[in-house]
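Residue numbers run from 1 in the order of the sequence given.
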Amino acid sequence: MPVSPSQKRIALLAIGLVILFAPALFVLATLEFLILSGNLALSEISLLEFVELYLIDLVLFVLLGYGIYRLTFWLIKDQLPDALDTVGETEAAGATDEVETTGTVSEEQS
């Protein structure tokens with residue numbers, strides 16, 4: 001089933017919102033941990049430090065996402081075809097063994 005342009009826009013919007021707000025959630029979680037542990041008072045942090053922490057988290061989040069994307073792409077491109085060939089050879093050998101023992105091929109493997 002083809003994907004409509006509106007579905008593509010919604011998916012791109014969702015991805016953009018995750019990229020935008022996930023680092024903010026990481027910043028809030030970091031600040032909450034530091035406040036609860038007593039290492040930071042909220043009055044000690046300026047707006048500039050908060051923005052700096054947000055930008056650092058944003059860059060790290062994007063780099064992590066890109067790394068996961070490249071790893072997945074590499075696995076699909078280089079590793080998956082070899083694994084599928086191995087599975088195909090195993091199924092073919094299983095079908096050959098079954099033909100030799102019963103003389104017919106079952107419905108599932110034909």
Check your understanding: Ser43: what forms a side-chain hydrogen bond (donor to acceptor under 3.5 Å, both in side chains) with it, not counting sequence neighbours?
Key -> none
Point to revise | Distance in Å, Leu13 CG paired with Ile10 CD1, rounded so as to fall on 0.5 Å steps | key: 8.0 Å
Practice item. Could you pull out all residues at least two apart from Ile68 that satisfy side-chain contact (heavy atoms from CB on, under 4.5 Å)? Key: Leu64, Thr72
Exercise for review: Apply side-chain contact (heavy atoms from CB on, under 4.5 Å) to Ser6 and list each qualifying residue two or more places apart in sequence or on a separate chain.
Suggested key: Ser4
Review point. Linking I/L/V/M/F/W/Y whenever any side-chain heavy atoms sit under 4.5 Å apart, do Leu60 and Val62 land together?
Key: no
Practice item. Kindly compute the distance separating CG (Leu71) from CD1 (Ile76), expressed to the nearest 0.5 Å. Key: 10.0 Å
Exercise for review: Could you state whether Leu55 and Val18 fall into the same hydrophobic cluster, counting links through intermediate Ile, Leu, Val, Met, Phe, Trp or Tyr residues with side-chain heavy atoms under 4.5 angstrom apart?
Suggested key: yes
Practice item. Measure the CG-CG distance between Leu58 and Leu63 for me, rounded to the nearest 0.5 Å. Key: 9.5 Å
Revision key, fill the gap. Residues at least two apart in sequence or cross-chain that pass side-chain contact (heavy atoms from CB on, under 4.5 Å) with Phe21, listed by chain then number, are Leu17
Revision key, fill the gap. With sequence neighbours left out, the residues meeting side-chain contact (heavy atoms from CB on, under 4.5 Å) with Arg70 are Tyr66, Phe73
Would you list the atom pairs, donor with acceptor, under 3.5 Å between side chains in residues 28-37 and any protein atom, with sequence neighbours excluded?
| unit_1 | atom_1 | unit_2 | atom_2 | d |
| --- | --- | --- | --- | --- |
| Thr30 | OG1 | Phe26 | O | 2.8 |
| Ser37 | OG | Phe33 | O | 3.1 |
| Ser37 | OG | Leu34 | O | 3.1 |
| Ser37 | OG | Asn39 | ND2 | 3.4 |

Exercise for review: Over all heavy atoms of both residues, which pair between Val27 and Tyr54 is shortest? Give the atoms and the distance, please.
Suggested key: CG2-CA, 3.6 Å
Point to revise | Shortest non-hydrogen separation from Glu49 to Glu44 and the atoms involved | key: OE1-O, 3.6 Å
